[in-house]
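Comments concern the structure below.
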Amino acid sequence: MDKIDNNLLLAIETNWYSFVTAIFVFAFLYFLARKRVGFGTRVLVGLGLGLVVGILFQSLDSLEIKGITTFGSIYISLIRMLVIPLVFVLVLNSIASLTSLDYLRKIGFKTFAWFLGTTGIASVIGLLTALVFNPGKGIQQPAASDAATREIPTFSDVILSLVPSNPVSEAADGKVVPILIFAIFLAVAIIKVGSKNEEAVKPVRDLIKSATQVLHQVVKFVIRLTPYGVFALIAGVAAKYGWDTLQELGSVIVTSYVALIIHFVLVFGGLVLFVAKVNPLKFFKKVYPTVAVAFTTRSSYATLPINLEVITKRLHVSPKIASFVAPLGASVNFNGCGGVWPAIVVVFTSQAFGIELGLTDYIVLVFVSIISSIGVAGVPGPAVISTTVVLTALGLPLEALAIVAGVEALIDMARTAVNATGTSVTALLVANSEGEFDRDAFNNDDDEEIALNAV
């Protein structure tokens, strides 16, 4: 007991000023939350305060900042806590929500193919853009402890590592990809059994839906801590590396927006022009309400009502297709959050921590980005979960999330706009292939009015 008391007294004696600083900043951020200041604004405020406090502590060498960084470590631990249960339940829920294999083969297969295909393309675009801009070159972090001995696995080893053998053991070991594949097998089995006897799988479906709602609430609890976590993490980085290092994060923002714009214009515009064979400029004009709401709310779920209206009333896709694609897209289609962003963070992390990545790693990156994007919660913030999955699968340090978290709110606006627009594109492509797209009404601009404040 004396030892515990001594440790506590020593912590208070050596870190009391950092604890007091953290308490004052947390109280201020809580005050902003009570005053209904926006989530993104509070994250940016936390970032700014973290920079100021960290640089102040750096200038005063006698001050120990460990009392503040402890809170950042707690935030990272909470994120890690969510990874395995969240991705398992949400992937299972997204696929198992389909009612029959026939419907899955006809409409679902096309929808998922476009969702995941465009996410894969987004991941490649994010990867190539990051390799050109080198966003992590100016951030010199200590090399990971296993960086020198890290072995590049053979392609055969990579494939074998993806196949689940003991899901419980692999979940305990934090192996994400086998758990994702196990969830896909379970979801298809639920659809298969449910097509013959819906009552047999109804309790399972209900359990999955309930678990999804509960996990969404847990995610909200953790994400609400983001402003506090960002403050603590950035303060620690600023105190250690100073302003000269942190200003390099501007390259992360530029890299992200360049990659997202390329995907938005070239990929979406190309699909609309060459596959659906409609004018992409007219398409982008029609989906502007979706883009505007997604950009400002930073939430795929919040954008869903207006997106449904846009798809049916402005793109003139049949309600049958729209009612299937749009809700599914809010849970599955994350070109920005699950494709572009994880790829950029992976390159950033490898460069910042001095870890060499090879072609096999890049292939795994794209594959894991595609699968882990399924089921990412469509609320502001949880894209960090998808990125955590990819970093974990590649064995990269999660500490990089602490560095980029402060600028994520700025990037998330564009990411969400890309996500929501991708759902509109997929709805158009699927409807066009099924004869459920009124091309004449689209070309004649026979659009119904949509109120932008509908959300």
Closest approach of [X] to [Y] (non-hydrogen atoms, all atoms of both residues):
X: Thr290; Y: Thr303; value: O-CG2, 3.7 Å
X: Pro342; Y: Gly336; value: CD-O, 4.3 Å
X: Asn335; Y: Ala122; value: O-CB, 3.3 Å
X: Ala322; Y: Ile311; value: CB-CG2, 3.6 Å
X: Val310; Y: Pro289; value: CG2-CB, 4.0 Å

How far does [atom1] of [X] sit from [atom2] of [Y], to the nearest 0.5 angstrom?
X: Ile344; Y: Leu128; atom1: CD1; atom2: CG; answer: 11.0 Å
X: Ser251; Y: Phe348; atom1: OG; atom2: CZ; answer: 7.0 Å
X: Ile262; Y: Thr129; atom1: CD1; atom2: OG1; answer: 4.5 Å
X: Leu266; Y: Leu273; atom1: CG; atom2: CG; answer: 11.5 Å
X: Thr423; Y: Leu428; atom1: OG1; atom2: CG; answer: 12.5 Å
X: Ile125; Y: Ile261; atom1: CD1; atom2: CD1; answer: 12.0 Å

Next on the checklist: Applying side chain to side chain donor-acceptor pair (under 3.5 Å) to Ser424 and Asn307, what does each step give before you reach the verdict?
Outcome noted: CA-CA 7 Å; Ser424 302; Asn307 206 10; 2.7 Å; yes

May I ask you to test the [X]-[Y] pair for a side-chain heavy-atom distance under 4.5 Å?
X: Val346; Y: Leu391; value: yes
X: Pro397; Y: Ile355; value: yes
X: Ser123; Y: Leu365; value: yes
X: Arg205; Y: Ile190; value: yes
X: Leu271; Y: Thr118; value: yes
X: Cys337; Y: Asp412; value: yes
X: Ile181; Y: Phe185; value: yes
X: Tyr257; Y: Arg415; value: no

Item to check | Sole candidate of Phe268, Trp341, Phe334 that passes ring-ring contact (aromatic ring centres under 6.0 Å, His included) when paired with His263 | outcome: Phe268

Checklist outcome for this item: Across all chains, not counting sequence neighbours, the side chain to side chain donor-acceptor pair (under 3.5 Å) partners of Tyr75 are Thr226

Next on the checklist: Taking the ring centre of each residue, are Phe26 and Phe71 less than 6.0 Å apart?
Outcome noted: yes

Next on the checklist: Restricting to side-chain contact (heavy atoms from CB on, under 4.5 Å), what partner residues turn up for Thr426, sequence neighbours left out?
Outcome noted: Thr111, Trp114, Phe115, Val325, Val430

Item to check | Salt bridge present between Lys110 and Glu434 (N-O < 4.0 angstrom) | outcome: yes

Checklist entry - Do Lys209 and Asp206 sit within salt-bridge range, that is, some charged N less than 4.0 Å from a carboxylate O? => result no

Checklist entry - Do Arg439 and Asn432 get their side chains close enough for a donor-acceptor pair, meaning under 3.5 Å? => result yes

Checklist entry - Regarding Ser165 and Glu170, is there a side-chain donor-to-acceptor distance under 3.5 Å anywhere? => result yes

Checklist outcome for this item: ring-ring contact (aromatic ring centres under 6.0 Å, His included) filter on Phe284, not counting sequence neighbours, yields Phe264

Item to check | Stepwise side-chain contact (heavy atoms from CB on, under 4.5 Å) test for Asn134 and Gln351 | outcome: CA-CA 8 Å; Asn134 296 318; Gln351 294 175 347; 3.0 Å; yes

Item to check | Phe133 and Val347: CA distance, side-chain angles, deciding distance, side-chain contact (heavy atoms from CB on, under 4.5 Å) verdict | outcome: CA-CA 10 Å; Phe133 281 81; Val347 175; over 6 Å; no

Next on the checklist: If you count every heavy atom of other residues, nucleotides or ligands that lies below 6.0 Å from Lys282 atom NZ, does the total exceed 12?
Outcome noted: yes

Next on the checklist: Under the criterion side-chain contact (heavy atoms from CB on, under 4.5 Å), I'd like the reasoning laid out for Asn333 against Asn419: C-alpha separation, chi angles, the key distance, then a yes or no.
Outcome noted: CA-CA 6 Å; Asn333 189 39; Asn419 295 340; 5.7 Å; no

Checklist entry - Are the side chain of Asn197 and the backbone of Gly194 linked by a donor-acceptor contact shorter than 3.5 Å? => result no

Checklist entry - Is the backbone N or O of Val37 less than 3.5 Å from a side-chain atom of Arg42, with the two atoms forming a donor-acceptor pair by type? => result yes

Next on the checklist: Working note: Val278 + Phe442, criterion side-chain contact (heavy atoms from CB on, under 4.5 Å); need CA distance, chi angles, decisive distance, verdict.
Outcome noted: CA-CA 9 Å; Val278 299; Phe442 179 95; 3.7 Å; yes

